[in-house]
Participant: 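Just dropping this structure here.
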2 protein chains.
Amino acid sequence: MVSEKTIGRLSLYRRLLAGLLAENRQNIYSHELASMAGGTAPQVRRDLMSIGYSGSPAKGYEVADLAESINSFLDNPSGTRAAVVGAGNLGRAIMSYFESRRPKLRIAASFDNDPNKIGSEICNRPCYDIADLKTTVARMDIRLGVITVPADIAQEVGDKLVDAGVTGILNFAPKRLHFPENVYVEHVDLTTSMEKVAFFVRSDTNPNAPEA
Amino acid sequence: MVSEKTIGRLSLYRRLLAGLLAENRQNIYSHELASMAGGTAPQVRRDLMSIGYSGSPAKGYEVADLAESINSFLDNPSGTRAAVVGAGNLGRAIMSYFESRRPKLRIAASFDNDPNKIGSEICNRPCYDIADLKTTVARMDIRLGVITVPADIAQEVGDKLVDAGVTGILNFAPKRLHFPENVYVEHVDLTTSMEKVAFFVRSDTNPNAPEA
DNA sequence: TGTTGTGAATCTCTTCACAGCT
DNA sequence: AGCTGTGAAGAGATTCACAACA
């Protein structure tokens with residue numbers, strides 16, 4: 001079993017490897033990947049071990065081959081379709097980020113309740129009426145929902161998504177959502193992230209601060 | 001010493017308490033707060049213990065008093081000023097979220113390099129030229145920087161922020177940034193978050209799935 | 001020499017379990 | 001009876017440290 005944290009780091013390694021690939025880099029050592037990823041060398045080795053990938057003591061890891069191994073570990077071979085609910089600033093930001101980034105993970109549509117948005121194209125994908133969420137999500141075989149609506153309707157939107165067959169949710173609304181346990185939820189809490197940084201801005205509280 | 005994770009949860013508790021306060025709730029038990037926060041009762045008690053707050057076995061915790069204790073633990077009494085660098089969709093989303101939410105944490109300005117934005121008001125705060133970042137950040141006594149610029153200039157922007165006196169950075173660019181150790185950095189990696197959820201969408205990989 | 005792969009040790013965080021209180 | 005506060009146990013994740021190898 002591969003831990004949740006390792007999954008996150010593999011996603012990061014893959015992105016770093018893509019960059020290396022673009023500059024025709026052939027091989028890389030664990031300590032190099034670690035420093036790019038902001039981690040440690042043993043951790044990189046453990047992570048790669050966990051997906052059964054082996055390097056060589058002489059040359060480290062082969063960039064292209066490793067990237068391919070991570071792809072086949074992380075990606076669903078038949079692809080994953082996602083939808084963004086709430087086509088505001090944040091929703092559009094997410095859609096822009098994912099504009100044709102990964103072939104196996106596509107944001108296929110967005111939903112909103114604003115008549116000016118419904119029926120139009122937002123970030124090159126159709127924007128549908130949130131009232132039609134259930135039927136449309138089911139019809140398009142969407143399995144991942146990104147919630148970027150205000151907190152007060154987030155749970156309701158989430159329930160509709162799950163009802164339509166979604167089994168993974170990325171929630172940006174500043175509210176904890178609750179779902180059946182077969183649904184995987186990731187909360188990205190921007191308010192908390194800000195407040196955490198604000199706390200550690202006070203130098204006397206920074207856990208990484210050098211010894212006094 | 002209070003752990004980083006506890007800080008994050010305290011921020012969440014505080015927000016939940018504010019909601020309870022709005023409905024005139026007087027007291028709350030650890031298990032209730034836990035279920036709202038998506039955690040466990042002992043964890044809530046430990047977190048509160050770590051800031052030296054005590055409840056009573058009879059009535060649990062006093063909502064208003066606890067909220068006040070968390071405030072005084074988390075907030076810098078003299079306030080914290082923040083700036084968003086990159087006034088795109090994501091930058092504006094963050095600014096909207098923080099429109100007058102917390103009195104002690106204010107996003108005071110944004111920076112961009114788009115001549116159409118520079119000099120205008122974005123989300124009710126002035127947008128300055130990114131070229132003037134150093135002087136403006138120093139002048140406004142901004143200590144927290146939010147990076148929402150493209151990956152290729154994120155490190156450069158971060159260096160300028162640090163150079164101007166910022167000691168906390170919230171980075172949304174899909175790239176690990178490196179800073180001196182007196183600077184606290186939090187990476188919010190939207191790509192990784194999406195890819196993590198995509199991985200667990202496959203029911204056979206969901207760590208919370210019920211026993212087969 | 002410098003690397004990988006990995007058992008063992010360590011560290012960190014969470015949960016248990018129960019005394020003490022009301 | 002049902003809660004809080006907390007020492008002790010447990011679980012998980014990270015790092016150490018070293019054998020094996022090129």
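Just so it is clear, the structure is predicted and the values come from calculations on it, not from any experiment.
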Participant: Measure from OH on A:Tyr61 to C1' on D:dA22 and round the result to the nearest Å.
Facilitator: 15 Å

Participant: Does B:Thr40 put a side-chain nitrogen or oxygen below 4.0 Å from OP1 or OP2 of C:dT14?
Facilitator: no

Participant: Which comes earlier along DNA chain C counting from the 5' end, the contact point of A:Leu48 or that of B:Gly39, where each point is its nearest nucleotide?
Facilitator: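 The answer here is A:Leu48.
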
Participant: Where do B:Asp189 and B:Thr192 come nearest, in terms of heavy atoms and distance?
Facilitator: OD1-N, 3.1 Å

Participant: In sequence, state the C-alpha distance, the side-chain angles, and the governing distance for A:Leu20 and A:Met36, and then conclude on side-chain contact (heavy atoms from CB on, under 4.5 Å).
Facilitator: CA-CA 11 Å; A:Leu20 292 168; A:Met36 284 187 280; 3.8 Å; yes

Participant: Please state how far atom CD in B:Gln43 lies from atom C1' in D:dG5, giving the value in whole angstrom units.
Facilitator: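 Atom CD in B:Gln43 sits about 15 Å away from atom C1' in D:dG5.
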
Participant: To the nearest angstrom, how far is A:Lys5 atom NZ from D:dT15 atom P?
Facilitator: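 Whole-Å distance recorded here is 11 Å.
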
Participant: Can you tell whether the side chains of A:Arg25 and A:Glu32 come within less than 4.0 Å, N to carboxylate O?
Facilitator: yes

Participant: Salt bridge or not between B:Arg125 and B:Glu99? Use side-chain N to carboxylate O under 4.0 Å.
Facilitator: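 The answer is yes: the pair qualifies as a salt bridge.
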
Participant: Do the side-chain N or O atoms of A:Ser56 get closer than 4.0 angstrom to the phosphate oxygens (OP1, OP2) of C:dT4?
Facilitator: no

Participant: Please give, in whole Å, the distance from D:dC21 C1' to A:Arg45 CZ?
Facilitator: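 Distance check: A:Arg45 CZ to D:dC21 C1' gives 14 Å.
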
Participant: Measure NZ/A:Lys59 against P/C:dT3 and give the value in whole Å, please.
Facilitator: 15 Å

Participant: Want to settle it: does A:Ala58 or A:Asp47 sit nearer the 5' end of DNA chain D, counting the closest nucleotide to each?
Facilitator: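 Counting from the 5' end, the first nearest nucleotide belongs to A:Asp47.
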
Participant: Measure the distance from CE on A:Met49 to P on D:dA20 and round it to the nearest whole Å.
Facilitator: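 Distance check: A:Met49 CE to D:dA20 P gives 17 Å.
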
Participant: To the nearest angstrom, how far is B:Ile51 atom CD1 from D:dT4 atom C1'?
Facilitator: 15 Å

Participant: If only side-chain N and O atoms of B:Ser3 are considered, is one of them under 4.0 Å from the OP1 or OP2 phosphate oxygen of C:dT12?
Facilitator: no

Participant: OP1 or OP2 of C:dT12 less than 4.0 angstrom from a side-chain nitrogen or oxygen of B:Arg46, does that happen here?
Facilitator: no

Participant: Between D:dT4 atom C1' and B:Leu66 atom CG, what is the distance in whole Å?
Facilitator: 13 Å

Participant: When the nearest nucleotide of DNA chain D is assigned to B:Pro42 and to B:Tyr29 on a heavy-atom basis, which residue is associated with the more 5' position?
Facilitator: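 The residue mapped nearer the 5' terminus is B:Tyr29.
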
Participant: Given D:dC3, D:dG5, D:dT14, which nucleotide is nearest the side-chain atoms of B:Pro57?
Facilitator: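 Looking only at heavy atoms from C-beta outward on B:Pro57, the closest nucleotide is D:dC3.
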
Participant: Have a look at A:Asp75 and tell me which of A:Arg106, A:Arg14, A:Lys104 forms a salt bridge (charged side-chain N to carboxylate O under 4.0 Å, His left out) with it.
Facilitator: A:Arg14

